[in-house]
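To start, the structure under review is shown below, and the notes come after it.
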Amino acid sequence: MLKGKRETILVVDNDETVLDSVVLILERANFLVLSAHSGAEAVELAKGTEARIDLLLSDVDMPSMSGPDLGQTLKKARPSLRVMLMSGGTDGNLLVLNYGWAFIQKPLVSEKLVQMITEVLHVPDRSQSGGQEFESHKDTR
């Protein structure tokens with residue numbers, strides 16, 4: 001399995017089981033992980049964190065603030081933040097394509113998740129506006 005280089009990832013999902021499993025996968029892959037159960041909690045966590053946050057990994061569909069809205073909000077204060085969204089729904093990919101951000105379909109495969117995060121962090125402009133999509137069911141190699 002690919003290993004992270006201690007980059008910091010903010011994981012946001014309102015499903016506690018998904019959140020806990022993603023945090024565990026990323027910690028085992030040597031990433032520093034911050035986690036939040038909602039967009040509002042993630043915004044407050046980011047405001048209170050002076051350290052660099054390299055990547056936001058958020059569920060697309062959450063109550064009160066969607067993953068895309070959260071990504072836009074956090075990028076205002078942290079323009080270098082990479083954004084990767086995940087969804088178990090059928091419309092998540094279409095929403096994400098409008099932003100050019102990376103996307104992974106749930107249920108997640110741990111090796112693929114770590115691989116995609118590593119690529120998003122280290123390939124220029126992949127999670128920025130106009131970047132290329134990543135999908136878990138497509139081979140990116």
Side-chain angles (χ1 to χ4, degrees), residues 1-140:
M1 180 187 294
L2 293 170
K3 296 288 185 180
K5 297 180 181 177
R6 301 302 288 173
E7 292 100 341
T8 300
I9 303 187
L10 172 55
V11 181
V12 187
D13 200 307
N14 60 305
D15 182 325
E16 186 137 5
T17 303
V18 172
L19 184 64
D20 291 346
S21 65
V22 170
V23 167
L24 187 60
I25 290 166
L26 297 179
E27 286 176 341
R28 285 183 177 162
N30 204 33
F31 291 105
L32 297 172
V33 183
L34 304 172
S35 64
H37 295 90
S38 69
E41 185 182 339
V43 169
E44 288 306 309
L45 183 60
K47 282 182 184 174
T49 302
E50 289 185 23
R52 177 182 171 92
I53 299 174
D54 299 290
L55 180 112
L56 167 67
L57 174 61
S58 177
D59 187 25
V60 170
D61 187 24
M62 296 184 296
S64 73
M65 181 183 285
S66 71
D69 288 345
L70 175 60
Q72 286 187 311
T73 299
L74 292 180
K75 282 184 77 64
K76 288 176 186 169
R78 296 173 181 262
S80 65
L81 177 74
R82 301 294 181 118
V83 178
M84 183 169 162
L85 299 170
M86 55 186 169
S87 177
T90 56
D91 62 344
N93 193 25
L94 294 175
L95 281 171
V96 173
L97 286 176
N98 291 330
Y99 296 89
W101 292 336
F103 175 78
I104 189 167
Q105 184 73 40
K106 295 178 191 174
L108 303 171
V109 176
S110 58
E111 291 83 7
K112 186 66 174 178
L113 176 63
V114 172
Q115 174 193 356
M116 289 176 64
I117 286 174
T118 301
E119 289 178 7
V120 168
L121 285 168
H122 299 286
V123 175
D125 299 324
R126 284 290 179 124
S127 68
Q128 308 307 313
S129 181
Q132 296 179 18
E133 68 174 307
F134 285 92
E135 291 185 56
S136 59
H137 67 275
K138 290 184 179 177
D139 187 280
T140 58

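Keep in mind that this is a model prediction, so the values were computed, not measured.
In plain terms, the two heavy atoms of N14 and P63 that are nearest each other are ND2-CD, 3.5 Å. Considering every non-hydrogen atom in both P68 and L85, the closest pair reads CG-CD1, 3.9 Å. The two residues R52 and S80 come nearest to each other via the heavy atoms NH1-OG, 3.7 Å. Closest approach of S58 and G67 over heavy atoms only: OG-CA, 3.5 Å. Nearest heavy atom pair, residue L70 against residue G39, reads CD1-O, 3.6 Å. When all heavy atoms of L56 and G71 are compared, the closest pair comes out as CD2-CA, 3.7 Å.
Looking at L74 and R78, their side chains never come closer than 4.5 Å, going by heavy atoms from C-beta outward. Looking only at side-chain heavy atoms (C-beta outward), M86 and D13 come within less than 4.5 Å of each other. Looking at L45 and I53, their side chains never come closer than 4.5 Å, going by heavy atoms from C-beta outward. Side chains of T49 and L34 form a contact here, defined as non-hydrogen atoms less than 4.5 Å apart. At a threshold of 4.5 Å between non-hydrogen side-chain atoms, the residues M116 and L57 do not count as touching. Using a 4.5 Å heavy-atom threshold, the side chains of F31 and T118 count as touching. By the 4.5 Å heavy-atom criterion applied to side chains, V33 and L24 are not counted as neighbours.
Between the D54 side chain and the T8 main chain, a donor and an acceptor come within less than 3.5 Å of each other. Put simply, the side chain of E7 never gets that close to the backbone of L32: no donor and acceptor are under 3.5 Å apart.
The number of heavy atoms from other shown groups lying within 6.0 Å of CG (D61) does not exceed 12.
Note on D15 versus K106: no salt bridge recorded, every NZ/NE/NH1/NH2 to OD/OE distance being 4.0 Å or above.
To the nearest 0.5 angstrom, K112 atom NZ is 6.5 Å from E119 atom CD. Remark: M84 CE to L113 CG distance equals 5.5 Å, nearest 0.5 Å. Separation of atoms CD (E41) and OG (S35) is listed at 7.0 Å; rounding is to 0.5 Å. With rounding to the nearest 0.5 angstrom, the OG atom of S38 is 8.5 Å from the CE atom of M65.
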